Amino acid sequence: MSFLPLAFGTPAILVALAALPLIWWLLKLTPPRPRTEVFPPLRILATVLKREETPDKSPWWLTLLRMVIAALVILALADPVLNPRTASVSGEGPLVLLVDNSWAAAADWDRRVATAEGLIAEADGADIPVAIAFTADATHDAVPATAAAALKKLRAAGPKPLKPDRPRAITALKEALDGTAPGSLIFLSDGVAASAEDDTVKQLAALAPRQLRLVEGDGRGAVAITNAVNGANELDVTVSRLASAAESRLTVDAQDRQGRVIATGEARFSPGETVAKATVAAPFELRNDFTRLTVTGAANAGATHLLDDGFRRRRVAMISGEPDDGFQPLLSPLYYTERALAPYADLIRSNNADLAAAIPELLAQNPSVIILADIGRLPGELYEPLQRWIAKGGTVIRFAGPRLAAAPADDPLLPVVLRQGERVLGGAMSWAEPQPLADFPKTGPFAGMKKPEGVLIKRQVLAEPTPDLQERTWASLNDGTPLVTVKENGAGRIVLFHVSAEATWSDLPISGEFVEMLRRIVQLSHAGAGAEGNGTAAATLPPYRLLTARGAMTTDTATARPINLGAGRPAAATFDNPPGLYGSEDGFVALNLLEPGAELLPLPVDPSAAVTRETLAGDAATPLKPPLLALAFLALLADSLIVLFMNGVFNGRRRRQGLAAAIALTAVLAFHPDSGHAADARPGDEKLLERLDNTHLAYVVTGEPDVDSLSERGLAGLTEFLTYRTTLEPAEPVGLKIETDELSFYPIIFWPVSATAPMPSAAAINRIDAYMRAGGTVLFDTRDQYASFGSDEGPSPNGERLRAILANIDIPPLEPVPSDHVLTRSFYLLTGFPGRYSGSPLWVEARQEARNSNSGVVSSADGVSPVLITGNDLLGAWAIDANGASMLPTVPPDERQRELSFRAGVNIMMYMLTGNYKADQVHIPALLERLGQ
């Protein structure tokens with residue numbers, strides 16, 4: 001074997017190297033042309049009697065350079081190839097290609113295609129039929145056919161965001177070959193085992209090929225995120241790679257719906273380590289915005305982990321069968337439950353002791369989980385709304401107690417049928433001693449947790465034995481009696497702890513395992529499960545967005561089937577359910593490529609198997625002809641320059657340098673600003689520069705003099721109010737013509753909508769659309785108390801005009817300003833935004849939960865809504881005359897309403913200029929607590 005694998009496409013040309021001595025001799029006989037010099041007359045007379053002489057040979061170094069040029073040309077014409085493929089396709093049977101087009105093949109797919117194309121071309125030259133199959137395809141057409149047909153299949157294929165199903169592809173090959181032994185069977189593998197018992201190479205060897213070759217990539221792209229756990233203080237991400245002797249560090253990015261990276265973590269692999277964890281430290285409020293996790297530099301489906309509503313912080317409603325004991329809090333039914341869930345969920349409680357009023361009040365707040373502690377009987381009218389809420393994805397967690405032990409056995413909100421009474425130590429059905437817990441089943445949500453040590457159960461409610469009791473049991477005692485049971489109901493579930501929520505019946509509530517058990521159950525629930533139109537009420541969900549093999553999201557969902565949310569819900573992606581989001585924009589669930597806890601393993605190959613291992617094309621065969629020809633050309637160029645220099649061509653270089661300097665100086669002067677060739681300034685630039693010195697309030701010029709005058713005076717009034725009440729001192733208002741004026745200088749543009757004004761042109765609407773996309777905000781005021789956006793009664797003429805304007809603008813979903821929105825507290829504390837009228841709400845961009853991720857206009861300006869809509873005629877309420885008096889009355893006449901209108905304008909301007917900084921007030925308690933420590 002040669003230490004430098006090198007081959008030549010046309011080795012016969014190398015015979016020309018033997019002619020190099022002859023070339024040397026010819027070059028010696030043809031020296032360079034003598035240089036001509038002009039001598040003084042006396043020098044000519046002194047040498048007139050001498051014979052004319054010419055050089056008899058060229059310099060040795062010039063001859064050597066020309067010999068190198070000749071050698072390079074001869075070697076290039078011989079078509080040398082570095083590290084060529086020595087194996088050839090066998091002609092004793094069809095060529096069979098098994099190609100991995102799985103997620104791990106996405107990184108080097110082009111090299112795989114190039115490798116397969118080379119093999120097919122070789123088979124085509126030898127007139128050998130070709131059979132090709134792809135392991136990540138659901139169906140296969142592996143019948144041997146012409147090389148052209150195989151090439152067509154290859155170019156139509158692509159990587160899939162799935163794990164390879166190699167046994168299915170091999171079975172298709174067996175049926176297609178029908179007992180015919182392949183001549184060459186070549187497996188283009190991604191290098192990753194599909195399972196711990198992957199015996200693909202063994203199954204291929206069973207086909208008895210004349211030649212079995214395994215072509216592998218380098219495996220560097222095989223990196224996958226296998227799990228993400230949202231802890232109390234950070235997000236723990238598990239990352240897996242193939243075994244490697246090198247140390248590695250991978251960055252994990254947490255992205256929001258707009259694809260922006262809002263937090264990062266780092267996974268460190270020690271030499272030989274295949275699994276590492278990355279910690280993404282971020283507040284819970286920020287982690288609720290995470291929608292996907294990606295590994296930087298690894299663009300594949302395995303390195304992308306999708307997150308859904310199940311990842312977000314939940315709202316948990318808590319109801320107790322008895323009031324809290326302020327003097328003995330440790331005996332309160334919900335004391336331990338509150339402290340177990342406080343770091344992981346938002347807890348809400350009702351102060352109303354009447355369950356008929358308390359439960360509807362809590363349901364109206366759209367919780368994900370309702371905890372009922374020792375509540376036996378519920379009012380009859382509550383069962384139907386509770387069951388409807390559960391079917392939409394809600395979770396009810398019930399704890400036993402004296403009341404539940406005495407409740408009717410046919411309660412529909414219980415997962416199992418209970419026996420009357422309770423099991424107590426010393427009773428007729430007592431234990432000899434308190435019972436510990438058994439190991440947790442491997443199929444429930446507590447799988448992987450260690451059995452609690454030191455936890456004893458002293459009392460419990462018992463379930464009637466039924467055939468499906470074991471299937472409904474998530475945890476049990478050593479004697480086999482259930483401790484935690486569950487029943488699925490639509491998209492939700494009912495969970496029962498057969499012990500009380502306080503520590504009188506057992507030690508479980510005061511153990512650390514109780515915290516983890518509750519956290520896991522809450523995480524199984526759907527965030528906002530009871531919301532109307534959530535999309536999770538059905539037993540199946542249609543595909544909404546799917547993940548491509550390179551880790552991008554696509555709306556092409558034609559190949560996916562709806563996902564089952566029941567017991568048959570897949571834990572990882574399948575052919576029928578590829579990875580992606582299932583549901584709708586109102587609510588969806590995420591399905592990832594790999595099941596939680598998966599680990600990447602290399603493809604096993606039996607050392608005793610007769611397998612030839614190769615690498616993919618690209619790094620392997622490297623043609624040397626292009627670089628050799630390039631070197632020969634450069635050497636020839638150097639030779640030409642040397643000859644020109646020896647012949648005195650460059651003697652006048654100083655004169656030429658002076659000419660070049662003169663040309664350069666002329667060019668500099670030609671483009672000097674004072675030379676008269678500078679670009680003329682555009683008209684109006686001076687005015688724009690003046691407007692950059694201060695903040696201006698801007699309004700849209702509609703073309704109607706009375707409306708435009710009122711807009712100018714309205715913004716003048718707001719400017720005066722801002723100057724006297726805040727530190728903001730705007731300059732005079734500016735009227736804008738949308739089609740021609742520059743819009744990007746103004747943080748907000750007020751647009752009084754008028755049905756009688758000319759309709760804005762398409763160009764004007766496009767400019768407004770671009771302005772909003774760039775972070776600007778437009779406030780549309782229909783001035784008609786436009787109170788119900790999209791109501792059945794139909795809008796006013798101004799409302800119709802607004803609809804026509806917005807029809808061609810990609811605006812986000814809107815909602816009335818919520819009571820806790822930043823706009824209500826950016827400067828003044830407000831509950832409404834009145835103008836001359838007070839009946840219309842102020843519409844803003846809906847919050848993150850209701851945003852359409854496909855919308856082109858989003859809150860790119862620090863959470864500021866790109867569009868505001870009202871009908872309260874704000875500009876009319878602000879309008880003042882030259883004496884500072886109000887020009888129009890409020891309806892009804894009320895100076896307090898006008899004052900509130902000005903305050904609304906101040907809040908809007910502060911919101912425009914400072915963004916959502918007021919929303920950070922939620923962190924003040926944590927900051928104060930930290931400062932106190």
Side-chain angles (χ1 to χ4, degrees), residues 1-37 53-89 108 110-122 124-125 215 218 614-657 659-660 663-664:
M1 177 181 291
S2 172
F3 292 98
L4 182 61
L6 188 66
F8 294 90
T10 53
I13 297 180
L14 295 177
V15 178
L17 292 175
L20 288 179
L22 178 61
I23 296 174
W24 176 280
W25 181 72
L26 291 174
L27 291 175
K28 296 288 286 185
L29 291 180
T30 55
R33 176 172 163 262
R35 184 172 57 185
T36 302
E37 295 184 6
E53 296 179 354
T54 58
D56 62 346
K57 60 182 179 179
S58 62
W60 68 267
W61 47 269
L62 183 59
T63 304
L64 179 60
L65 177 61
R66 293 172 176 176
M67 293 288 292
V68 171
I69 295 174
L72 289 174
V73 172
I74 293 173
L75 290 174
L77 294 177
D79 196 12
V81 177
L82 182 64
N83 193 20
R85 293 188 178 276
T86 57
S88 60
V89 175
D108 50 14
D110 292 338
R111 293 174 54 199
R112 295 175 185 276
V113 172
T115 303
E117 285 179 346
L119 295 169
I120 294 174
E122 189 176 348
D124 188 22
V215 181
D218 52 21
E614 304 175 10
T615 59
L616 293 173
D619 292 344
T622 304
L624 299 181
K625 183 176 181 178
L628 289 177
L629 289 177
L631 287 175
F633 174 76
L634 292 176
L636 181 61
L637 182 62
D639 179 87
S640 302
L641 293 175
I642 291 171
V643 172
L644 292 175
F645 182 83
M646 293 176 65
N647 289 336
V649 174
F650 299 106
N651 284 345
R653 62 183 181 278
R654 292 183 180 177
R655 291 190 299 271
R656 284 184 288 274
Q657 289 176 352
L659 179 59
I663 294 173

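All residue numbers refer to positions in the sequence shown, counting from 1. This is a predicted model, so every value here is computed, not measured.
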**OP:** Taking all heavy atoms of Val89 and all of Glu122, pick out the closest pair and write down the distance.
**Re:** N-OE2, 2.8 Å

**OP:** Enter the distance from Leu77:CG to Leu72:CG here, rounded to the nearest 0.5 Å.
**Re:** 11.0 Å

**OP:** Measure the spacing between CD1 of Ile74 and CD1 of Ile69 and express it to the nearest 0.5 Å.
**Re:** 12.0 Å

Subject >> Contacts of Leu629 that satisfy side-chain contact (heavy atoms from CB on, under 4.5 Å) - sequence neighbours left out >> reply: Ala76, Lys625

